[in-house]
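Numbers restart at 1 for each chain; the letters A, B, ... are given by sequence-line order, proteins then strands.
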Amino acid sequence: MSISSLLFTARDSLMSQQMAIEITGGNIANVDTPGYSRQRTDFTSIGSISVKATSAQVGSAIIRVERVYDRYLESQITQQQQNTGYSDALLRGLQNIEVMLDDTDGGGINDQLNKFWSAWENLSNAPGGKVERSSLLSAAQNLTSSLVSYRQNLDVINNDMNRNITDVVAQINQKVGEIRDLNARIIETPGDSGEKNLLYDKRTEALKGLSQLVNITHFDDADGTLNIYLANGDPLLQGVLQQELSLALNADNRIDIYSTATTGETVNASLTRGKLGAYLELQNSIVPEYTDYIDDFANTLADRVNALHAEGFDAYQNTGAALFTIGDMSNIAGTLQVNSAIAADVNRIAAATSVSGDGENARRIAAVQHELLMNNDTASLNSFLATVVGQIGSEVASAQTNSSHQALIMNQLDNQRASVSGVSIDEEMIRLIKYQMGYNAAGKLCSVVDEMMETLMGLVKA
Amino acid sequence: MRVTEGMKFNATVNNLFNTQGQYLSLMEKVASQKRVNRASDDPIAATKIIEIRQGLAANEQYRKNMDNAEAWLAVTESKLAGGYDLLVKAQELALGQATATANATTRKIAAQGVQSLIDEMASLANAKLGDRYLFSGSKNGEEPFSTALLSPRIEPAGTARSNAFTGDVTSGGAFTGTANTAYAVKITGGGNLAAATYQFSTDGGRSWNGADLAMAGGVIALGDGVTLTFDDAGGTKSFGENDIFSVNAIAGGYYRGDNDALTLTVNRGTGLTYNITGEQAFTAAGSNGVDIFGTLSDLKEALESNDIGGISGQLENLQNGQRQLSLNQSLCGAKASHIELTRSNLGELDTKLTSLLSEAQDADLADLATRLSMKEIALQATYAMAGQIGDSSILNFLK
């Protein structure tokens, strides 16, 4: 044991404390970095001196920089992110449909429909009236153009979904690519260094981002790499081997998603959560459901009115031609129009039940508003529309509840994570004081050793 | 529990957003004064609101219909009252001229008086409301009453404008029916005479005979002696499906209109016939069986021919004619009171619907205002908290 070795002890201690201060500094600097896990230094004592039979530890070193995090919590967050992404995207999509269909303020299709029935009643009051006929024509045209615009709006939502899905799939591929690159770097980086911790943080953050987009399962491999699978078991990432998702537009103008891991078969069915899950559900079941409602409504309206219209006589004593024409049976509401022959000549409106020209047929058509034609003959056309509005309303309301519930869960989990892995300035300050004291003490040790050396040298001189 | 800076900030920001969101939603309700601003605010109420609004719109239309019917009935009633007065005048004339104090000259003069009564009666019976004859039934082409006696006849055949058939159609036969009838023929299978099939109607097209008949010979009998003859120019003119041909047959007398009811919807599922046909009011087919124009012209004739027996013979008819008109007048009154009743029912329904609508849709302002000010306090508290978030830290105690 020599005095000079004391200097080495002091040096090691200075270096360790300095490093601890650096780590603390890093924590403080990253107090606001999302996904950052605070780091802790593991001190250990090194070297020993033996005096007679006993030995004592001298010197210290930092053997590893530990990343404080809770694996279970992180995987819960990943799991819940899938639900959050799903319920948020679903809510926004449903709200789009709601805005379009909502008629609680009036002025929408229900009003147009009421005006249409009123116009028929007015015509029955004055079957020969040119004004009544023209106003019926414009009521019918307003009604069809409302239906057409409803249908177009639903198509716009469908197209939006196509764009959204395309974007999300690109994001998924990019995120998986990011994780693949991180996997590669993690394999290359040896030991438990701070650098590796940084990579783990980045990867966890990327995984969270990914699970917001789509439902996945994942596990850590023995070599530290992260493997990611779709719900049906198709791999997205195995080590550094990425399987990209690709997409194709199908005949219904909707998007089918394919994985390069399996060929020919779409993986749509297993994409049920995350943003992508919501978009696919909106596109494949919710939007078509409302499209069907509108089409069903348009078809029933046209069928019934046309049938009655054909039984009546127009002002030229001919039997009524079809009032509404449907251009394309696969897009009924979108191609519903007032027969151009009738639009060109309102005398072709068949208001009469007899060749002598009464207004009875107009009265009969007006009474269609009370006929139970929809929902297996349980609802009138008007109340059917009201029910559709009610339905989208309740779907939005329940999506809102889900979304805010999900937000609450995420909030709770984020808090828990912040509690475990987040940086507390107070704590870091106290640690700073502690390490500073250690550093000062080690410095003092140096000067004491220096004095001891000087004393020793003085002995030699003397 | 370990509390980190991130938690403090998250909690503050989340609470701030929550409070702001609730505040905003209350503000929207206060500003719109509505509880339901979109369907998702209350889906059940939203459905109700739309249905109630439809009910209100329908009621408004029923009210309009009733306005129309009421106007029609009021005018009809006044015309019938005018007719009644004319008959009373005719009766006075007849009574005066049936006595021995009258002579051939006074009767000639009285006959001219009756003629002017007939003209006036005709102008009443041919009165219009808007562009429709009051007493014509559903026919509106010509004046329903003629002042000269019409013999039974079959009018020329009518072809609908967009018929495909361009050949000649002629009506024929001698009408043996007792009421004016509109016949219609509808082609149910196209082609020339040999191929075409048709159905016919004896009520103007409201109902059809139900079975397709062959055109074959080109002459079809529609009943009561009425025939239609089609000429396809040797098979070169074709019928199109749904071609319509019509012919009117007049039973004679003074009336050219029909006995069709004009109906308006005055309430859900309730139609109200608002017209009195000329047949009902002025012809022998009417409720008291008096042909009013016939009676007047018989009286005129008797006066002209100085026939005392003939004059007094019409007195009873004139009396009955007055009853017939006043009966129809009271019918108008009954219909009008039906409308009144319906209107008041509708008014009650409207009040109920409006209050239901308000209940479903309108916001309780007092309640909202209270909640809004409570939220405002909460929001201010959140702001105050947020302002202090960085204040307490160990940093304050380090030199």
Side-chain angles (χ1 to χ4, degrees), chain A residues 31-32 95 98-99 101-106 110-111 114 117-118 121-122 124-126 128-129 313 316-319 352-360 363 366-367 369-370 382-383 385-387 389-394 396-397 400 411 414-415 418-420 422-426 429-430 433, chain B residues 1-7 10-11 14 36-44 46-51 53-54 57-58 60-61 64-65 68 130-132 137-140 158 160-163 182 184 186 203-206 242 244 246 258 260 262-265 268-269 271 361 393-395 398:
Chain A
V31 65
D32 287 330
Q95 276 173 333
E98 186 195 18
V99 166
L101 288 173
D102 199 356
D103 216 355
T104 44
D105 278 347
N110 284 283
D111 271 13
N114 289 340
W117 302 130
S118 280
E121 300 249 20
N122 287 335
S124 87
N125 292 350
F313 294 92
Y316 300 136
Q317 300 193 329
N318 281 106
T319 47
T353 49
S354 79
V355 285
S356 43
D358 56 9
E360 191 60 17
R363 203 172 79 86
Q369 63 181 306
H370 300 304
N382 282 80
S383 65
L385 280 184
T387 324
V389 173
Q391 183 178 337
I392 184 68
S394 73
V396 170
Q400 263 165 352
N411 198 6
D414 278 344
N415 262 346
S419 178
V420 174
V423 176
S424 160
I425 296 284
D426 289 353
M429 281 301 147
I430 292 164
I433 293 167
Chain B
M1 184 174 168
R2 202 171 162 272
V3 177
T4 63
E5 310 310 304
M7 290 164 74
N10 277 344
N14 283 337
V36 182
N37 287 297
R38 57 189 71 74
S40 52
D41 286 346
D42 186 344
I44 293 170
T47 309
K48 234 192 246 167
I49 288 167
I50 294 169
E51 282 178 340
R53 214 180 274 131
Q54 194 235 334
E60 199 184 317
Q61 184 59 41
K64 251 188 240 166
N65 292 352
N68 280 327
D131 50 8
R132 285 183 80 74
S138 67
K139 259 176 95 174
N140 206 33
R161 186 190 277 209
S162 16
N163 282 357
K186 177 162 75 174
D203 55 5
R206 287 185 183 79
N242 283 335
I244 299 282
S246 61
D258 57 33
D260 286 350
L262 300 181
T263 310
L264 279 176
T265 310
R268 185 168 175 171
Q361 158 182 283
S393 161
I394 195 170
L395 291 171
L398 296 177

Check each atom of B:D260 against the heavy atoms of chain A and say whether the ones under 4.5 Å are side chain, backbone, both or neither. side chain
Option in A:Q369, A:H370, A:Q400 with maximal non-hydrogen atom pairs under 4.5 Å from chain B: A:H370
Sort B:K48 into side chain, backbone, both or neither according to what part of it lies under 4.5 angstrom from a heavy atom of chain A. neither
Looking at B:N68, B:N242, B:T265, which one has more heavy-atom pairs under 4.5 Å with chain A than the rest? B:T265
Tell me whether A:E360 is salt-bridged to A:R363, with the criterion being a basic N under 4.0 Å from an acidic carboxylate O. yes
When heavy-atom pairs shorter than 4.5 Å are enumerated against chain B, which of A:N122, A:V396, A:T387, A:I433 gives the highest number? A:N122
At a 4.5 Å cut-off on heavy atoms, which part of A:D32 comes close to chain B: side chain, backbone, both, or neither? neither
Would you check if the side chain of B:D131 reaches a backbone N or O of B:N140 as a donor-acceptor pair within less than 3.5 Å? no
Side chains of A:T319 and A:F313: does their closest heavy-atom pair fall under 4.5 Å? yes
Neighbour count above 12 (heavy atom, 6.0 Å) for B:I44 CD1: no
Any donor-acceptor pair under 3.5 Å linking the side chain of B:R2 with the backbone of A:G422? yes
Could you report the tightest heavy-atom contact between B:A39 and B:A46, atom names first, then the distance? CA-CB, 3.8 Å
Give the member of A:L385, A:I425, A:V99 that has the highest number of heavy-atom pairs under 4.5 Å with chain B. A:I425
Looking at chain A, which one of B:L262, B:N14, B:V3, B:D258 has the largest number of heavy-atom pairs inside 4.5 Å, strictly under? B:N14
What residue, out of A:Q317, A:E98, A:M429, A:Q391, has the most heavy-atom pairs lying under 4.5 Å from chain B? A:E98
Check B:K64, B:E60, B:Q61 against A:S118 for a side-chain hydrogen bond (donor to acceptor under 3.5 Å, both in side chains) and give me the one that passes. B:Q61
Does any backbone or side-chain atom of B:R53 lie under 4.5 Å from a heavy atom of chain A? Answer side chain, backbone, both or neither. both
Just by distance, with hydrogens left out, do A:N110 and A:N382 show a side-chain donor and acceptor under 3.5 Å apart? no
Of the options B:T47, B:I50, B:I49, which is the one that meets A:V389 in a side chain to side chain contact (heavy atoms under 4.5 Å, CB included)? B:I50
Highest number of heavy-atom pairs under 4.5 Å with chain A among B:G205, B:G6, B:S138 belongs to B:S138
Chain A: which of B:E51, B:K139, B:Q54 shares the most heavy-atom pairs with it under 4.5 Å? B:Q54
Residues B:R206 and B:D203: closest non-hydrogen pair is NH1-O, 3.0 Å
Engaged part of B:A184 at the chain A interface, taking heavy atoms whose separation is under 4.5 Å: side chain
Among A:N125, A:V355, A:V423, residue most engaged with chain B (heavy-atom pairs, under 4.5 Å): A:N125
Using a cut-off of under 4.5 Å for heavy-atom pairs, which of A:N114, A:D414, A:I392 has the most such pairs with chain B? A:N114
